[in-house]
Participant: 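Below is a structure I'd like to ask you about.
The sequence lines fix the lettering, A, B, ..., with proteins before strands; numbering per chain opens at 1.
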2 protein chains.
Amino acid sequence: MDKKLGKSARVGIRDVAAAAGVSPTTVSHALSGARAINPATRARVLEVAQELGYSPDLRARGLRSSRTFTVGLLSDTIAVTPYAGLIISGAQDAAAEHQSVVLALDSTGDPQRELLGIRTLLDHRVDGLVYARMSHQSVNVPKELGEIPVVLANASSPDLKFSSVVPDEKQIGLDATGHLLSFGHQRVGFATVNENVPSALGREEGYRSAMRAAGIAVNEAWVCAKTGDAAGGREAGRLILDREDRPTAIFCFNDEIAMGVYQAANDLGLRIPEDLSVIGVDDLQLITQALVPTLSTIALPHYQMGHWAVSQLFTQATAQNGARIAEKLRCHLVQRESVKAPRS
Amino acid sequence: MDKKLGKSARVGIRDVAAAAGVSPTTVSHALSGARAINPATRARVLEVAQELGYSPDLRARGLRSSRTFTVGLLSDTIAVTPYAGLIISGAQDAAAEHQSVVLALDSTGDPQRELLGIRTLLDHRVDGLVYARMSHQSVNVPKELGEIPVVLANASSPDLKFSSVVPDEKQIGLDATGHLLSFGHQRVGFATVNENVPSALGREEGYRSAMRAAGIAVNEAWVCAKTGDAAGGREAGRLILDREDRPTAIFCFNDEIAMGVYQAANDLGLRIPEDLSVIGVDDLQLITQALVPTLSTIALPHYQMGHWAVSQLFTQATAQNGARIAEKLRCHLVQRESVKAPRS
DNA sequence: GTGAAAGCGCTAACAG
DNA sequence: CTGTTAGCGCTTTCAC
């Protein structure tokens, strides 16, 4: 009424207060529910706010209550896969459940950029931070992050100070191999990557455990570690398959390798799934749905990890128990057409 | 000195001021460079700030200067492709050039969620907003966005109020077809999608223009529109290739269709590139690098669109010229192994 | 159940 | 070149 200066300034809490005939304090509480308000007053305030198109200024709110309703997400994205999008998506959804949003930044793996990113996120006073990796790995959390709550996604750290969430790699190996065994396969191969990363280690451990549990001795000629792309899969596939006592099924470290194994099988005149069953890991639909036959696979839980990490951030903020937890997410099997009982 | 209450509260501008023996105002200006400061004072202030580990509170800054250094990015992501990540990545980089960050939200195509997202972004007082689509389409910008600067990415709008950036679809058709023609192909087919979207329309127009310009009559049996995935590509490929006067080259609407065409060719005993040249669009490395032979393609500029959109947002904010511009980005050819001169 | 006053951390006016 | 004062929009004391 008195403060209409020139153009219609944004409607603020006091405009609502004036229009509703109450004090700004009451409006604040009516909106936030932070203290008891006469239901009638409250209803009127809400109505007026709606009418005036009031939109709370989260900056101002945060300035006073020292929360920004913003969580940071720092990743090392190199965007050839949909993983980044999935983790971010999961993080967003979890954040939304707490009226918050996600400020995502990627470092491109460059430590300098990462530091800059951290600084930026800190300047924006994010309420917490998810430190994420696109492929499962062990990381050292930059010490600049000491000031705020941090949760690791798709990464683990020797530092027990942080909660973390990763796929249960061994279980992946167990499930994938078990799936093949359950169809009656005895000679099951493993096409993996030649890197010492948790995923390779864990999946191989699962593979060997499953075989052992089934009473089958692994023939080392069935196991081959090359690069983690289709070329590596072709190479591994050729080595594993081009022999008399070839396996009747191959567990592939990922879908790209599986695609390479398809190609190798095709070159050798082997038909999938009649002559060879194949299972991958990742569930990259661009691959799994496009191959003929479509590829059975273990889906990696990127969305879930993003979601879990942010949820955990809020849990830690609320409960003062301070319990840090290292979560391993069970991954689920997506059955398609590439696995079938062996001929024999 | 006097305000050390309990624990070390965050160091603020006045702590720096006290330590450097100047006023908060001077510190503010020393940091922002908004007005001339004695170089010596400035240096001292900066040093002290560094020493104390001062980190500006962007909320407070924004509250006063009515900028948040935050831009919103609203998309319809369904994350099976890396596109979302790429657009966001480009947007982030452009934002960083203006000391800003990106608040990304996706609506999953749900109008209700979209509205909620808009409200959230507005409450966070983003300085501007990129309205993005993962696949090129025409959109109507929700009227709730009337209040702030908006730029469209990978989308165009009948409403000329908005700047927009899209791939130059016709040019893609021209370049892809031209590339095949330049190798001496005369019979060039086109495997596309059966949808009335700008990409399909534009690429077909480019294809036909290029053929016309080369003086070649398009045989309609060479053109086939099915779904935009590998299955569609297989179907189209079979129809186009299973005939005597088959084309010697096929321009595919996207890489997935191209993958399907590979499969169809394989089924028919046709070798690529000896018997058939293939070119795609998208440059999804998961596919282009994995196929044998590797797939030549026209790369879609998702990163660049994200970058352009955010840059344009800042340009519009600065220059008051208010000129809205509809940008078409030229896409570049990525040559790999799937194109070769025809046998004949 | 409600209000008045103070202030979050910063920058924009207005001095000098 | 520098300092003082006021206030961004909200929530939080503290009062009634």
Participant: How many whole angstroms separate atom CZ of A/R61 from atom P of D/dT11?
Facilitator: 5 Å

Participant: Testing the 3.5 Å rule here: is there a donor-acceptor pair between the side chains of A/T25 and A/S28?
Facilitator: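 No, A/S28 and A/T25 have no side-chain donor paired with an acceptor closer than 3.5 Å.
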
Participant: On the side chain of A/R35, is there an atom forming a donor-acceptor pair with the base of C/dG3 - under 3.5 Å, no angle test?
Facilitator: yes

Participant: Identify whether any heavy atom of A/H29 sits under 4.0 Å from a base atom; if not, whether one sits that close to sugar-phosphate; answer base, sugar-phosphate or nothing.
Facilitator: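 Base, at least one base atom sits under 4.0 Å.
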
Participant: Within the 4.0 Å heavy-atom criterion, would you say A/S32 contacts the bases, only the backbone, or no part of the nucleic acid?
Facilitator: nothing

Participant: Can you check the A/R42 CZ to C/dT2 P distance for me, whole Å?
Facilitator: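 The distance from CZ of A/R42 to P of C/dT2 comes to 12 Å, rounded to the nearest Å.
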
Participant: Answer yes or no: does a side-chain N or O of A/S23 lie under 4.0 Å from OP1 or OP2 of C/dA4?
Facilitator: no

Participant: Using the rule given for side chain to side chain donor-acceptor pair (under 3.5 Å), can you reason through B/D127 versus B/T68, listing the C-alpha separation, both sets of side-chain angles and the distance that settles it, and then say yes or no?
Facilitator: CA-CA 6 Å; B/D127 297 327; B/T68 52; 3.2 Å; yes

Participant: Pick the nucleotide of DNA chain D nearest each of B/T26 and B/R125; which residue has the one closer to the 5' end?
Facilitator: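 Residue closer to the 5' terminus by nearest nucleotide: B/T26.
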
Participant: OP1 or OP2 of D/dT12 versus the side-chain N and O atoms of A/R64: is any pair under 4.0 Å?
Facilitator: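 Indeed not, no polar side-chain atom of A/R64 lies that close.
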
Participant: Using a 4.0 Å heavy-atom cut-off, does A/L58 contact any base of the nucleic acid, only the sugar-phosphate backbone, or nothing at all?
Facilitator: nothing

Participant: Whole angstroms only, please: what is the CG-C1' distance between B/D15 and C/dC8?
Facilitator: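 Taking atom C1' of C/dC8 as the reference, CG of B/D15 is at 13 Å.
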
Participant: So does A/S28 get a side-chain nitrogen or oxygen closer than 4.0 Å to the phosphate oxygens (OP1/OP2) of D/dT11?
Facilitator: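 Indeed, a polar side-chain atom of A/S28 lies that close.
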
Participant: Taking the side chain as every heavy atom from C-beta outward, state whether B/R125 and A/S55 have any pair of such atoms under 4.5 Å apart.
Facilitator: yes

Participant: Any donor-acceptor pair under 3.5 Å joining the side chain of A/T25 to the base of C/dA4?
Facilitator: yes

Participant: Answer yes or no: is there a donor N or O on one side and an acceptor on the other, between the side chain of B/R44 and the main chain of B/A20, under 3.5 Å?
Facilitator: yes

Participant: Contact class for B/S66 vs. all strands (heavy atom < 4.0 Å): base, sugar-phosphate, or nothing?
Facilitator: nothing

Participant: Using whole Å, report how far CZ of B/R59 lies from C1' of C/dG9.
Facilitator: 8 Å

